[in-house]
There are 2 protein chains.
Amino acid sequence: MALNLNQLKAFFAVAQTLNYTEAARRLYVTQSAVSHAVATLAKSAGDDLFGKAGGRLALTGSGKILYKACEAVFYELERAEEQIAAARGRNTGTIKLGATVEFGTTLLVKYLKGFIKKNPGVHVDFQFRHELLRPLLNDELDLVIDCRNHKAEGLEKTPLFREDYAVIASREFLRAHKVRRPQDLGRCPVLSMDKAGAWWGNFLGALPAAERPEFKNITELNHIRAIINAAMEGLGVGFVPRYCVLKEFKARTLVNVFPQLKLLEDNFYVYQKTGKAGLERHRNLLGYLKNIKTAQLERA
Amino acid sequence: MALNLNQLKAFFAVAQTLNYTEAARRLYVTQSAVSHAVATLAKSAGDDLFGKAGGRLALTGSGKILYKACEAVFYELERAEEQIAAARGRNTGTIKLGATVEFGTTLLVKYLKGFIKKNPGVHVDFQFRHELLRPLLNDELDLVIDCRNHKAEGLEKTPLFREDYAVIASREFLRAHKVRRPQDLGRCPVLSMDKAGAWWGNFLGALPAAERPEFKNITELNHIRAIINAAMEGLGVGFVPRYCVLKEFKARTLVNVFPQLKLLEDNFYVYQKTGKAGLERHRNLLGYLKNIKTAQLERA
DNA sequence: TATCTACCATGAATATTATGAATTATACTA
DNA sequence: TAGTATAATTCATAATATTCATGGTAGATA
């Protein structure tokens, strides 16, 4: 079994994407090259590495064993590479950083300016989307900032800071719908990230069962900025992280509907694969991110 | 830094031998190939991996970092390779087993017949020498059985069994030298593995200080079998593990000089690099070896 | 069922990379 | 200073990886 890093890389990419064509794209070679590489590797391993389960590509038992080894091997080599550079006074490497759309576009890019300046050798790429877990798991992203609670094998989670939420609406809307108490929202159009209304969970959870409104009219909007704008237009009440609407509160274009209500808070976490947690550039970025305080966010 | 396993292997071999020519021999390629490989690797790492300290080759800082990574990487890959084979019902791989000369040649080879039969896929190579630690550390040996106490970074030690020693001499010799008590050995020719007489340490340590003989006449012989044969020829008194001379005692060609004396015992240990301890073939062999009881050795 | 479409496998040609033989360079030794 | 052991070079060649062009297959679509 004369192993070979190129073949292992090809195998690893296929294993992560479960798609030869996509793996080839990721490696900047042709699909044929990947196919050849994996075939040769399988031959020298003496066993097929991929099989087909219901039309889909899937790792065989041997494939799974090799995949684990590849993870360890590549992370180990990456670590060594970085250390060698670091020992010579250079920090290097790329961090593919993921975050939710609103947080990323409005705050993260601004706040990270300092980190990027401090670490000129480290390149940071951004991906702002709602789906963050899968890209993290198959190495499309290295580091992810999310307020959702993920659990997965080999994933490391670091708490960052707390965000609190606010119920928002325009002045006119409130007047028109006569909103006084939480129950009143039952008869209002409600803006939510999801049709089921789970998005409002933190709000509902903060209320005694008797006072919980039952939403009749939910409008789905898959971006927080869209919810904010819709609320300003008087299309409904929204529920968003407070840091997103500080300006609007100040400009009085939006109202914090229940300012006295103590809402359950969500925690922002940084997620990364355990194997990557040892990377210096990851540790540096994490250290930087940990200094983010909600206050600073509000100032930003 | 486009790494490559061949280059890493070349580098690793050079790092272990600190000699390009020797590394080449080990990899079954020419010195030129190794030189090329390491040079290319160094270029892509952006730093020299070896430097010369007083004419001797030595790892640079970057080299040391890479060496650590290589260790992890190669052991990881080897483990994967073995697991893949094992998952398909085959046990494979080679174990380079080291032991002291006398123990290895007389007992180990016999006793391991069972293991070799049970594990047809696993190949065992033997190296019986006195110097076992260094070959173990630079991977010339995978597993070493030794009664000496070694301590080194990243080395794992498993106790096997105890051996006890005996002072031996021929009947004629004892008569001629009138040996009755330990002190009498001071005026006898003494057979030892080392000129300094440290070999007899366990014997001397078993005696109260007052009864300790001071050897005047030490003959160095670097094989236990040689000591035994010399003792039989009447060239001196020897000090050897009891299991080596059971036959001679029975045939009355040698005498157990102080049978009543409770000699300090030495423990036999199996040593292996920590990284290799996870290998299945290692675990199997260790399990087999642990079943060795002194009694069985005597029967063998 | 015929026809797409999105995949992956294969074979031959080509580009790239590793290796070996021979030689030169270097450093230590006597 | 020559002698020895070792590493670096150079250049030709062998081995390997990659591409290009093509064929095959399974699932989806009409």
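The shown structure was predicted, so the numbers you read here are calculated from the model rather than taken from an experiment. In what follows, chains carry the letters A, B, and so on, assigned in the order in which the sequence lines appear, proteins first and then strands, with residues in each chain numbered from 1. All values below come from the heavy atoms of this structure, side chains included, with hydrogens, waters and symmetry mates left out.
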Give the C-alpha distance, both sets of side-chain angles, the deciding distance and a yes or no for ring pair (Phe, Tyr, Trp, His ring centres under 6.0 Å) between Phe50(B) and Phe11(B).
CA-CA 9 Å; Phe50(B) 295 102; Phe11(B) 162 76; 5.4 Å; yes

For salt bridge (charged side-chain N to carboxylate O under 4.0 Å, His left out), just list the numbers for Lys276(B) and Glu78(B), CA-CA rounded to whole Å, side-chain angles, deciding distance to a tenth of an Å, and then say yes or no.
CA-CA 9 Å; Lys276(B) 292 185 181 175; Glu78(B) 202 173 357; 5.8 Å; no

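The terminal axes of the helix from dT1(C)-dA30(D) to dA30(C)-dT1(D), fitted over 5 pairs per end, subtend an angle of 30° to the nearest 10°.
Between His36(B) and Thr30(A), the residue whose closest nucleotide on DNA chain D is further toward the 5' end is His36(B). Across the interface with DNA chain C, nearest-nucleotide mapping of Tyr20(A) and Arg56(B) shows Tyr20(A) to be the residue nearer the 5′ end.
Of the listed residues (Arg134(A), Lys273(A), Arg129(A)), just one forms a salt bridge (charged side-chain N to carboxylate O under 4.0 Å, His left out) with Glu140(A), and that residue is Arg129(A).
Nucleic acid contact for Thr21(B): sugar-phosphate only, since backbone atoms but no base atoms lie under 4.0 Å from a heavy atom of the residue. In this structure, Gln7(B) reaches the sugar-phosphate backbone alone: every heavy-atom distance under 4.0 Å involves primed, P, OP1 or OP2 atoms, never a base. Residue Ala33(A) is classed as a base contact, given a heavy-atom separation below 4.0 Å to a base.
Between the C1' atom of dC8(C) and the CG atom of Leu57(A) lies a distance of 9 Å, rounded to the nearest Å. Between Leu41(B) atom CG and dT17(C) atom C1' the separation is 15 Å, expressed in whole Å. Following rounding to the nearest Å, Leu18(A) (CG) and dA6(C) (C1') show an atom-to-atom distance of 16 Å. Between Gln31(B) atom CD and dA21(C) atom P there is a gap of 12 Å when expressed in whole angstrom units. For Asn4(B) and dA15(D), the CG to P distance is 17 Å, given to the nearest whole Å. When the C1' atom of dT18(D) is taken as reference, atom CG of Leu27(A) falls 13 Å away, rounded to whole Å. Taking atom CZ of Phe50(A) as the reference point, atom P of dT25(D) lies 21 Å away to the nearest angstrom. To the nearest angstrom, P of dT16(D) lies 14 Å from CG of Leu3(A).
Between Glu82(A) and Arg79(A), no side-chain nitrogen of the basic residue sits less than 4.0 Å from a carboxylate oxygen of the acidic one, so the salt-bridge criterion is not met. With respect to Arg225(B) and Glu102(B), a salt bridge is recorded, a charged nitrogen being found less than 4.0 Å from a carboxylate O.
You'll find a donor-acceptor pair under 3.5 Å spanning the side chain of Ser32(B) and the base of dA21(C), going by distance alone.
Nearest to the side-chain atoms of Asn6(B) among the listed nucleotides dA18(C), dG11(C), dA7(D) stands dA18(C).
Of the side-chain N and O atoms in Ser35(A), one or more sit less than 4.0 angstrom from OP1 or OP2 of dA9(C). Contact between the side-chain N/O atoms of Asn19(A) and the OP1/OP2 oxygens of dC8(C) is found at a separation under 4.0 Å.
Counting heavy-atom neighbours within 6.0 Å of Lys157(B) NZ, excluding the residue itself, gives a total above 12. Atom CZ of Arg90(B) sits in a sparse spot, with 12 or fewer heavy atoms from other residues, nucleotides or ligands closer than 6.0 Å.
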